[in-house]
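Here is the structure we will look at, set down as structure tokens.
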Amino acid sequence: MSEENELTFEQAMYKLEQIVEKLEDGDVPLEEAIAFYKQGMDLSRLCHQKLKTVEEQLTEILREDGELESFIVQEEE
Amino acid sequence: MSEENELTFEQAMYKLEQIVEKLEDGDVPLEEAIAFYKQGMDLSRLCHQKLKTVEEQLTEILREDGELESFIVQEEE
Amino acid sequence: MSEENELTFEQAMYKLEQIVEKLEDGDVPLEEAIAFYKQGMDLSRLCHQKLKTVEEQLTEILREDGELESFIVQEEE
Amino acid sequence: MSEENELTFEQAMYKLEQIVEKLEDGDVPLEEAIAFYKQGMDLSRLCHQKLKTVEEQLTEILREDGELESFIVQEEE
Amino acid sequence: MSEENELTFEQAMYKLEQIVEKLEDGDVPLEEAIAFYKQGMDLSRLCHQKLKTVEEQLTEILREDGELESFIVQEEE
Amino acid sequence: MSEENELTFEQAMYKLEQIVEKLEDGDVPLEEAIAFYKQGMDLSRLCHQKLKTVEEQLTEILREDGELESFIVQEEE
Amino acid sequence: MNDQKYLTVSALTRYIKRKFDVDPHLRDIYLKGEISNFKQHSSGHMYFTLKDERARILAVMFAANTASLKFKPQNGMNVLLRGDITVYEQSGQYQMYVKQMTTDGIGDLYIAYEQLKNRLEQEGLFSPLHKEKLPKYPSAVGVITSPTGAALRDILTTLKRRYPVAKVIIYPALVQGTAAAASVAKAITAANRRQETDVLIVGRGGGSIEELWAFNEEVVARAIFESKIPIISAVGHETDYTIADFAADLRAPTPTGAAEMAVPHLNELMERLQNRKNRLTRSVREKANADAARLARLDRSYAFRYPRQMYEQKLEQLDRAMERLKRESKRFFINKTDMLQRHVTALKKQHPQQRIADAESVLNRQERSIRRQMERIFAEKAKSLTHAISTLDALSPLKIMERGYSLTFTDNDTLVKSTEQVNKGDIITVTLRDGKIKAEVKDKRESAVNE
């Protein structure tokens with residue numbers, strides 16, 4: 001998991017897509033499948049976390065931007 | 001039994017299916033049949049165990065994923 | 001933010017412009033995009049602050065100029 | 001301001017007009033603009049003072065000239 | 001004024017005319033303009049005095065000539 | 001005036017004419033003009049005197065011996 | 001007659017004209033006779049007939065030549081002509097083209113007069129260059145004439161009347177007879193030697209040409225020319241010109257006229273003096289007035305009348321500059337604000353929210369997909385296992401026991417198929433449908449069936 005933490009969102013998504021494709025092939029041995037699945041779920045979680053982080057950052061930015069926003073509105077009146 | 005523990009689910013299934021085929025031929029002396037059967041039962045038990053393990057893993061993964069899951073659901077509402 | 005505080009208005013505006021251009025190009029990874037966006041918003045806020053400061057100074061000067069202003073009006077009567 | 005005090009009215013006006021032109025051109029950095037503006041206001045005040053001084057001098061001369069004025073009028077009758 | 005007293009009427013008039021021209025051209029620096037004006041007023045006063053003196057001399061000469069004048073008139077009758 | 005007393009009528013008239021011309025040319029400075037005027041009036045008075053102070057016309061005839069003798073006009077009978 | 005060539009009138013006339021023109025005897029001829037039929041055209045040309053007792057000839061004198069005439073030609077006048085004879089084609093008449101015309105009747109005297117006049121003129125005695133100017137206000141006037149003549153009386157009367165301030169000196173001279181010329185010349189010389197006068201009047205009253213003749217003599221002309229004192233000639237009447245007249249600095253038509261020319265009129269002088277005085281006063285007055293007006297104009301000049309203009313315009317200039325400064329500063333500020341606003345708007349368009357949403361939906365799809373696949377795989381595997389197990393189960397040899405059969409195993413789990421496999425006392429396990437029975441071999445018998 002530590003290695004995957006260094007992945008970017010896009011890289012993680014790419015890996016996840018590849019795992020889904022592999023699983024869709026159908027002939028995946030059970031143990032491999034569960035391993036893929038586990039890995040896929042980890043990647044998914046990673047992606048979710050990343051999205052969440054991004055989401056939070058955005059919220060923070062929006063909050064900070066609130067004052068600015070109102071300032072501009074005053075300007076344009 | 002120790003040898004068979006090293007089998008994969010698919011290998012065990014393969015062996016099991018071969019035993020079934022042999023038994024279906026009908027020409028197997030009882031003693032052998034019993035032996036095959038016994039072996040088949042072992043293999044079956046093994047496969048079952050493997051499935052159960054996988055199932056547990058799945059459950060575990062799902063459980064771990066629970067919070068995330070609910071978060072996503074909330075998001076999508 | 002301490003570094004950006006040392007930017008001039010024009011430098012900040014230039015940086016902001018470049019960030020907008022990069023984002024408009026569309027090839028920026030998500031995490032970078034959010035970072036860029038954040039930086040853009042910071043720059044924008046900085047610029048706004050600077051503008052506001054200037055506006056205040058302007059107002060102050062105009063206020064100081066008040067007497068002079070009235071003097072001119074008398075002259076023109 | 002001590003330096004500008006030594007300027008003639010015309011020099012001060014010339015400086016003032018140059019400042020206005022620079023601002024019109026728009027190539028002035030924001031932070032400098034306020035300095036320019038302030039300088040322009042100072043120059044304006046200087047010019048006004050000079051004009052006022054001249055006006056006072058003129059009033060004084062005209063007052064002294066009163067007798068002559070009446071003399072000329074007599075002459076022309 | 002002592003210097004100007006030594007001017008002839010024509011020199012004074014010439015100076016005066018030049019001052020008027022300069023002032024009417026409008027290109028005179030503000031600080032100089034008032035000096036010019038003052039000088040112009042002084043010159044004008046000087047010229048008026050000179051004209052007055054001439055006028056008096058003229059009257060005197062004509063008066064002296066009066067007797068002769070009346071004599072000629074008698075002759076011509 | 002003593003100098004001018006020694007002038008002949010013709011010289012006086014000549015001077016007078018010249019003064020008149022000069023003054024009429026108009027290029028004489030004011031102060032000189034009045035001086036000229038005074039001189040002209042004196043000359044005019046002088047000429048007048050010369051013309052008026054004549055008694056009987058003197059008529060002489062040259063004798064054979066080179067002497068002049070008074071000549072009496074014989075009235076036409 | 002038929003072969004005879006006819007000349008045109010023009011051709012004949014031209015022929016005759018040429019004959020006249022080439023004849024030297026008809027060129028520059030001198031002709032005398034009496035004028036008749038005299039006409040002067042408005043153009044100035046003179047047309048007349050010259051005749052004597054027996055013949056007549058037409059004559060024409062063009063205006064260019066008549067200018068020099070000293071008399072006005074009249075019918076009956078005897079004249080001397082000089083000119084050319086030629087034919088006037090239009091009328092076919094020959095006529096004289098007159099270049100010079102003088103009166104006839106003086107004869108030798110006149111020729112002598114003309115000759116002397118020409119000579120002296122060429123010598124330059126009459127040249128305007130040598131004419132001296134008369135003094136304007138002579139203090140003494142010299143008169144050279146006969147002390148008994150009427151001329152002197154006329155002169156003295158006029159001088160007295162006009163200009164009594166001048167002294168008069170009479171230099172007596174003979175003015176008629178053979179000695180007259182020398183006498184006049186001598187008097188002129190004497191007057192010049194004595195230097196008592198500013199101007200000389202030389203003359204006599206009118207008379208015949210012979211009576212005036214002394215004034216046509218060279219000695220008189222030269223004396224006049226030599227004189228340093230300006231001379232006014234006054235000989236005879238208005239129409240008579242003598243050599244002396246030409247030589248004199250000024251010619252008077254009569255002695256009275258000479259006296260008038262010699263001196264100014266006292267009254268005129270007085271007027272002149274008054275006039276000068278007036279002009280003096282007027283010019284000084286005008287000068288003073290002009291200067292006063294000039295000064296007044298300057299006093300009224302815009303610069304002096306509206307001195308505030310000096311700084312009012314500057315004030316306006318300053319106000320304008322200030323207005324611009326304020327406007328430009330504001331505009332500058334607004335421009336910067338607008339620019340920032342533009343950038344911010346552009347940045348906001350790049351808001352990552354959508355990207356996040358898109359990424360999330362892709363992620364969710366993948367997640368669902370992986371889960372579905374995993375479930376599919378698990379289900380498939382489980383199903384195949386179940387199938388295998390049930391098949392195995394169906395084929396179980398143990399099914400026989402269902403019908404009441406049992407399986408006997410030795411204690412080493414070997415299926416007992418023959419009695420020979422066991423001995424008395426061995427422990428065996430009997431497997432039944434529903435369990436196992438542990439038993440001890442009590443006896444063994446060989447089955448007869450197999451035997």
Side-chain angles (χ1 to χ4, degrees), chain D residues 7-66 68-77, chain G residues 280-348 350:
Chain D
L7 293 171
T8 67
F9 177 83
E10 276 73 19
Q11 287 170 326
M13 278 300 289
Y14 180 71
K15 279 194 156 193
L16 179 57
E17 267 157 22
Q18 283 198 316
I19 282 167
V20 170
E21 266 173 44
K22 265 187 194 159
L23 285 176
E24 267 176 353
D25 280 353
D27 284 340
V28 187
L30 184 69
E31 285 89 350
E32 280 181 49
I34 198 73
F36 272 133
Y37 183 67
K38 200 170 153 49
Q39 196 185 353
M41 294 305 284
D42 286 346
L43 285 166
S44 152
R45 205 163 10 243
L46 176 69
C47 286
H48 265 292
Q49 271 174 354
K50 281 181 185 283
L51 280 172
K52 208 173 174 189
T53 306
V54 165
E55 195 190 19
E56 284 162 7
Q57 283 176 307
L58 197 68
T59 307
E60 174 66 11
I61 290 165
L62 285 175
R63 198 187 57 74
E64 278 173 12
D65 199 43
L68 178 61
E69 202 64 49
S70 64
F71 171 79
I72 290 166
V73 172
Q74 281 183 332
E75 282 288 299
E76 284 175 348
E77 268 164 18
Chain G
L280 266 183
T281 307
R282 191 171 60 237
S283 60
V284 167
R285 162 72 45 213
E286 274 171 10
K287 165 82 179 153
N289 286 348
D291 283 342
R294 201 169 138 213
L295 182 57
R297 217 161 41 238
L298 289 173
D299 283 339
R300 278 198 305 271
S301 74
Y302 194 71
F304 279 168
R305 270 202 300 174
Y306 304 107
R308 288 178 205 282
Q309 191 67 18
M310 279 190 303
Y311 64 84
E312 273 169 355
Q313 272 186 5
K314 312 253 180 190
L315 193 63
E316 195 183 330
Q317 193 189 357
L318 177 59
D319 285 348
R320 288 220 180 114
M322 276 317 295
E323 225 167 80
R324 275 175 69 206
L325 178 66
K326 278 179 196 166
R327 194 173 59 234
E328 289 310 325
S329 319
K330 203 165 182 187
R331 199 168 66 91
F332 179 85
F333 180 75
I334 287 169
N335 280 349
K336 296 279 180 188
T337 308
D338 283 352
M339 207 192 297
L340 175 60
Q341 188 56 46
R342 246 181 354 259
H343 289 332
V344 169
T345 305
L347 181 67
K348 288 257 167 86
Q350 300 302 319

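Just so it is clear: chains get the letters A, B, ... in the order the sequence lines come, proteins before strands, and each one is counted from 1.
- To the nearest 0.5 Å, the span separating NZ on Lys50(D) from CG on Leu315(G) amounts to 15.0 Å.
- Distance check, rounded to the nearest 0.5 Å: CZ of Arg331(G) to CG of Leu23(D) gives 9.5 Å.
- Shortest non-hydrogen contact noted between Gly40(D) and Met322(G) is O-SD, 4.3 Å.
- The pair Arg324(G)-Glu17(D) fails the salt-bridge criterion, with no side-chain N (NZ, NE, NH1 or NH2) lying under 4.0 Å from an Asp/Glu carboxylate O.
- Using a 4.5 Å heavy-atom cutoff, the side chains of Lys22(D) and Glu328(G) are not in contact.
- Contact annotation for Leu58(D): only side-chain heavy atoms (C-beta onward) come within less than 4.5 Å of a heavy atom of chain G.
- Side-chain contact check for Asp319(G) versus His48(D): some heavy-atom pair is nearer than 4.5 Å.
- Phe332(G) contributes atom CZ, which lies 9.5 Å from atom CD1 of Ile34(D) (distance to the nearest 0.5 angstrom).
- The line from CG of Leu43(D) to CG of Leu318(G) is 9.5 Å long, rounded to the nearest 0.5 Å.
- Rounded to the nearest 0.5 Å, atoms CG (Leu325(G)) and CD (Glu21(D)) are 12.0 Å apart.
- Taking 4.5 Å as the limit, some side-chain heavy atom of Leu62(D) sits within range of a side-chain heavy atom of Arg308(G).
- When the candidates Gln317(G), Arg320(G), Arg327(G) are compared by the number of heavy-atom contacts under 4.5 Å with chain D, Gln317(G) comes out ahead.
- Of all non-hydrogen atoms in Gly26(D) and Lys336(G), the two that sit nearest each other are O-NZ, 4.3 Å.
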